[in-house]
Engineer: 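Pasting in a structure now, in C-alpha cells, and then I'll have a few things to ask.
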Amino acid sequence: MPFHLCCSITETENIAQDQFSIVFDSVKLADFVKAGQFLHIACGDALTLRRPISICDTDKSLVKVVFTVKGAGTRWLSLRKPGDMLDILGPLGNGFDMKGENLLLIGGGAGVPPLLLAARQAAALPQFESVTALLGFSDIGKAILLGDFAAACTSVEIATDDGSLGRHGFVTDLLKYRLNTKRFDQILACGPYNMLRIVSEIADEYDIPCQVSMEERMGCGIGACLTCSCKTKSAGKEKYSRVCADGPVFSSREVVWNEA
Ligand SMILES: Cc1cc2nc3c(=O)[nH]c(=O)nc-3n(C[C@H](O)[C@H](O)[C@H](O)COP(=O)(O)OP(=O)(O)OC[C@H]3O[C@@H](n4cnc5c(N)ncnc54)[C@H](O)[C@@H]3O)c2cc1C
Ligand code: FES
C-alpha cells in the first residue's frame, strides 16, 4: 500500500558529474521499503507528471535517492536544498526477491543506486554467504557510491567503457569472467536496456536465475494508465505487463527482449 507523503529534505549533494543525491526524512518509507521499489516524485508545479526514482538506501528514518539529471524533472530535483519539502508517492512496484546463498548484483550507470539497498538488505540476511557487485560506468567521472558498495558487499568490481577506472570494457564482460570463476545462485540487474538484455542472455547460458529492473516512461505510477507497458511472456503466451505495478522487477526469462 503506497503512501502519499510530504517529506522534509535533510541533505543534498552533487555526488558526480550530473548526478545528485537527496536524503529525506520518512520513517514510514524507511520501515517499509524493499530493494528495487521506487518513489514517484512530484517535480514542481510546471510538470504534471511525477518522475520515478528508485530507493537507493535507508538509514533509520532517512531515505536516500540518487539520480542523473536528464531533463526538466531531474533538473528541478537537483536544485532542491535541505529544508525543502518533497511530494512523494511510494513505495511503488514489487522490488527484488532475494534467494540463495551467493548473490551477484550487476548495475550500469543510473541503474546502480537501487542495487545498494539490495546489497545492504541481502547482507543483513543470515542465508547469504556472499554478495558480489559488478558496477559499470562510462568513465571515472560518472562512478558513484563505490565506498558504500565496498562497505555493503563481499566484493566489488568496476568496469568503465573508457578504462579510466577498473576493467576496460562493459560490465557484462566482467559478468562472464566472474561467472567462470564462481557459482552464483541468483543475479539481480539494473541498468540500460541493452545491458539488461545481455545480462539476461548470459544468465540463460550459465543457467542462473536472474531478475531485471525494467525502465519505461511512466504516467500514473500505480497501474492505471498503461503508459509503462512492456512485453512479457508466461507459459509461452506473450502479454503486456505494467512496469510500475507488475514490475519494475521481472524475471529475465519473463521479458520479451527486442532484437539487438
Ligand atoms: C522504476 C524506475 C526507477 C528509476 N530510478 C532511477 C534512479 O534511481 N535514478 C535515476 O537517475 N533515474 C531513475 N529512473 C529514470 C528516471 O525516472 C528518468 O531519468 C526521469 O524520469 C527523467 O525525467 P526528466 O524530467 O528529468 O527528463 P525528461 O525530460 O522526461 O526526459 C529526458 C530524457 O530521459 C528519457 N527518460 C525519461 N523518463 C525515462 C524513463 N522512465 N526511463 C528511461 N528513460 C527515460 C527520455 O526519453 C528523454 O530522452 C528510473 C525510472 C524508472 C521507470
Ligand atoms: S505508469 Fe500508469 S500504468 Fe504504469
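Just so you know, these numbers come straight off a predicted model, no measurement behind them. Just so you know, ligand 1 is whichever comes first in the structure, and atom 1 is the first atom listed for that ligand.
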Engineer: Any side-chain heavy atom of Tyr177 within less than 4.5 Å of one from Leu134?
Structural biologist: no
Engineer: So does Cys244 have any N/O/S atom less than 2.8 Å away from atom 2 (Fe) of ligand 2?
Structural biologist: no
Engineer: Mind listing the closest non-hydrogen atom pair of Asn102 and Ser130 along with its distance?
Structural biologist: OD1-OG, 2.6 Å
Engineer: For the 3.5 Å polar cut-off, considering only N or O atoms, please tell me whether Arg217 and ligand 1 meet it.
Structural biologist: yes
Engineer: Do any N/O atoms on Pro114 end up under 3.5 angstrom from N/O atoms on ligand 1?
Structural biologist: no
Engineer: Considering distance alone, does some N or O of Met218 sit under 3.5 Å from an N or O of ligand 1?
Structural biologist: no
Engineer: Is the contact between Val69 and ligand 1 made by the side chain, the backbone, both, or neither, using heavy atoms and a 4.0 Å cut-off?
Structural biologist: neither
Engineer: So for ligand 1, is Gly73 a polar contact partner (N or O within less than 3.5 Å, distance only)?
Structural biologist: yes
Engineer: When you look for heavy atoms under 4.0 Å from ligand 2, do you find them on the side chain of Leu226, its backbone, both, or neither?
Structural biologist: backbone
Engineer: Just wondering, more than 12 heavy atoms not from Tyr193 lying within 6.0 Å of its OH?
Structural biologist: yes
Engineer: I want to know whether Tyr206 and Phe184 have ring centres closer than 6.0 Å.
Structural biologist: no
Engineer: Atom 18 (C) of ligand 1: protein heavy atom closer than 4.0 Å?
Structural biologist: no
Engineer: Of the side chain and backbone of Glu216, name the one, both, or neither that has a heavy atom under 4.0 Å from an atom of ligand 1.
Structural biologist: backbone
Engineer: Under 4.0 Å between a side-chain nitrogen and a carboxylate oxygen: does that hold for Asp87 and Arg51?
Structural biologist: no
Engineer: At a non-hydrogen distance cut-off of under 4.0 Å, which region of Ala245 contacts ligand 2 (side chain, backbone, both, or neither)?
Structural biologist: neither
Engineer: Under 2.8 Å from atom 2 (Fe) of ligand 2, is there any N, O or S atom belonging to Cys225?
Structural biologist: yes
Engineer: Taking distance alone, with no angle check, do Gly71 and ligand 1 share an N/O pair under 3.5 Å?
Structural biologist: yes
